[in-house]
Amino acid sequence: MPDLDLHCWDLSYAEARTLQTTLARQVIQYDDLPEVRCVAGVDVGFEEKGSVTRAAVAVLAFPGLELLDYAVAKVPTLMPYIPGLLSFRECPAILEALSRLSVQPDLLFCDGQGIAHPRRFGVACHIGVLTGLPAIGVAKSRLCGKSEILPEEKGARVELWDDNELIGSVVRTRTAVRPLYISIGHRISLNTAVHYVEACLTRYRLPETTRWADALASNRGQAVIRANQVLGR
DNA sequence: GCGACAG
DNA sequence: ATCTTGTCGC
């Protein structure tokens, strides 16, 4: 095993790509997760014209989806957004937020791709491998790969392929809305990943995990108040 | 050389 | 991602 500095984030783009290719071999692409009693969603936003990265994590009970815990972290932004290198920009803040949780999730939903990535190492894989947590990539748009036309009805699902590899699923979570791109992050199979995403849906395009994280990460403090009410404080 | 391109 | 209100459509 090479001596890698996994927590050095200000890398050259070439170094970052090489690290992705190396770490991709550590992704576990089959089901290796405990009984799922709580799931978490992560979301990242930016402040101060992008100089500050803000990450929010929301932990929900499963399958009830009640909010159990949450955490928000702000750290200086070190990398710009480069397609394919998103995780190097967002991971520091996400890891900090995860470390502040008092309830650790059994499964993590990440905004962005898992293995549906040019080097099979999107942000969901990066967070999964570094934390050891089972993780799923839940992206709102496509980074790479091709798929057949997706029917308009809720529940429709087609495979996402790239370079003769099955890298993800394109899933219609509501009728006539843009689909979600779901892929393996770590310690879970594609079918199980899609199963859990669908189990966290209510009446919206995004799973509740992501919706809670979005609300907590947004600038309006209303969400935090709501969170405190739910937590009984 | 010409697009494509998670958030 | 972010700047931002009301508005059109299923």
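A quick note: this is a predicted structure, and the numbers were derived from the prediction, not measured. By convention in this document, chain letters (A, B, ...) are assigned in the order of the sequence lines, proteins followed by strands, and residues within each chain are numbered from 1.
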Convert the base pairs of DNA chain C into dot-bracket notation, remembering that pairs crossing earlier ones are written with [ ] and that bases paired across to another strand are shown as |; include only Watson-Crick or G-U pairs under 3.5 Å. ..........
So if I take residues 140-172 of chain A and measure heavy-atom distances to DNA chain B, which residues fall below 4.0 Å? A:K140, A:S141, A:R142, A:L143
Any residue in residues 105-126 of chain A with a heavy atom nearer than 4.0 angstrom to DNA chain B? Just list them by number, or reply none. A:G112, A:Q113, A:H117, A:G122, A:V123
Under 3.5 Å, is there a donor-acceptor pair between the side chain of [X] and the main chain of [Y]?
X      : Y      : answer
A:Q113 : A:I184 : no
A:D106 : A:P34  : no
A:H186 : A:Q29  : no
A:D69  : A:S102 : yes
A:T131 : A:I127 : yes

Could you list all the salt bridge (Lys or Arg N to Asp or Glu O under 4.0 Å) pairs where at least one residue sits in residues 77-101 of chain A, not counting sequence neighbours? A:E96-A:R100
Got a sec, which pairs hit salt bridge (Lys or Arg N to Asp or Glu O under 4.0 Å) with one end in residues 129-144 of chain A, sequence neighbours left out? A:D111-A:K140
Answer yes when A:E15 and A:R17 have at least one side-chain N-carboxylate O distance shorter than 4.0 Å, and no when they do not. no
Could you list the donor-acceptor pairs under 3.5 angstrom formed between side-chain atoms of residues 168-175 of chain A and any protein atom two or more places apart in sequence or on another chain?
residue : atom : partner : partner atom : Å
A:S169  : OG   : A:R157  : NE           : 3.1
A:S169  : OG   : A:R157  : NH2          : 3.3
A:R172  : NE   : A:P151  : O            : 3.0
A:R172  : NH1  : A:V177  : O            : 2.8
A:R172  : NH2  : A:L150  : O            : 2.9
A:R172  : NH2  : A:P151  : O            : 3.2
A:R172  : NH2  : A:E152  : OE2          : 3.3
A:T173  : OG1  : A:R205  : O            : 2.7
A:R174  : NE   : A:R203  : O            : 3.3
A:R174  : NH1  : A:R203  : O            : 3.4
A:T175  : OG1  : A:K154  : N            : 3.1

Taking every heavy atom of A:A55 against every heavy atom of A:A97, the minimum-distance pair comes out as O-CB, 3.9 Å
Do A:L60 and A:V103 sit in the same hydrophobic cluster, where Ile, Leu, Val, Met, Phe, Trp and Tyr count as joined when their side-chain heavy atoms come under 4.5 Å apart? yes
Base, sugar-phosphate or nothing for A:G84? Non-hydrogen atoms, less than 4.0 Å. base
What's A:L180 touching, base or sugar-phosphate or nothing? Going by heavy atoms closer than 4.0 Å. nothing
Fit a plane to each ring of A:F121 and A:H126, take the angle between them on a 0 to 90° scale, and name the class: parallel (under 30°), tilted (30 to 60°) or perpendicular (over 60°). tilted
Distance only, no hydrogens: is a donor on one side chain within 3.5 Å (strictly under) of an acceptor on the other, for A:T53 and A:T77? yes
With distance as the sole criterion, is a donor-acceptor pair present between the side chains of A:T192 and A:S189 under 3.5 Å? yes
Only counting residues at least two apart or in another chain, list the ones meeting salt bridge (charged side-chain N to carboxylate O under 4.0 Å, His left out) with [X].
X      : answer
A:R187 : A:D32
A:K74  : A:E47
A:D162 : A:R120

DNA chain B: first to last nucleotide in contact with chain A (atom under 4.0 angstrom from a heavy atom), 5' to 3', is B:dA4 to B:dG7
So what does the secondary structure string of DNA chain B come out as, 5' to 3', with Watson-Crick or wobble pairs under 3.5 angstrom, [ ] for crossing and | for pairs with another strand? .......
Scoring nucleotides 4-10 of chain C by protein non-hydrogen atoms under 4.0 Å (B base, S sugar-phosphate only, - none) yields -------
note: A:D43, atom CG; C:dA1, atom C1'; distance rounded to Å ~ 9 Å
Could you check how far CE of A:M79 sits from C1' of C:dA1, rounded to whole Å? 16 Å
Atom CG of A:L33 and atom CG of A:L107: how far apart are they, to the nearest 0.5 Å? 6.5 Å
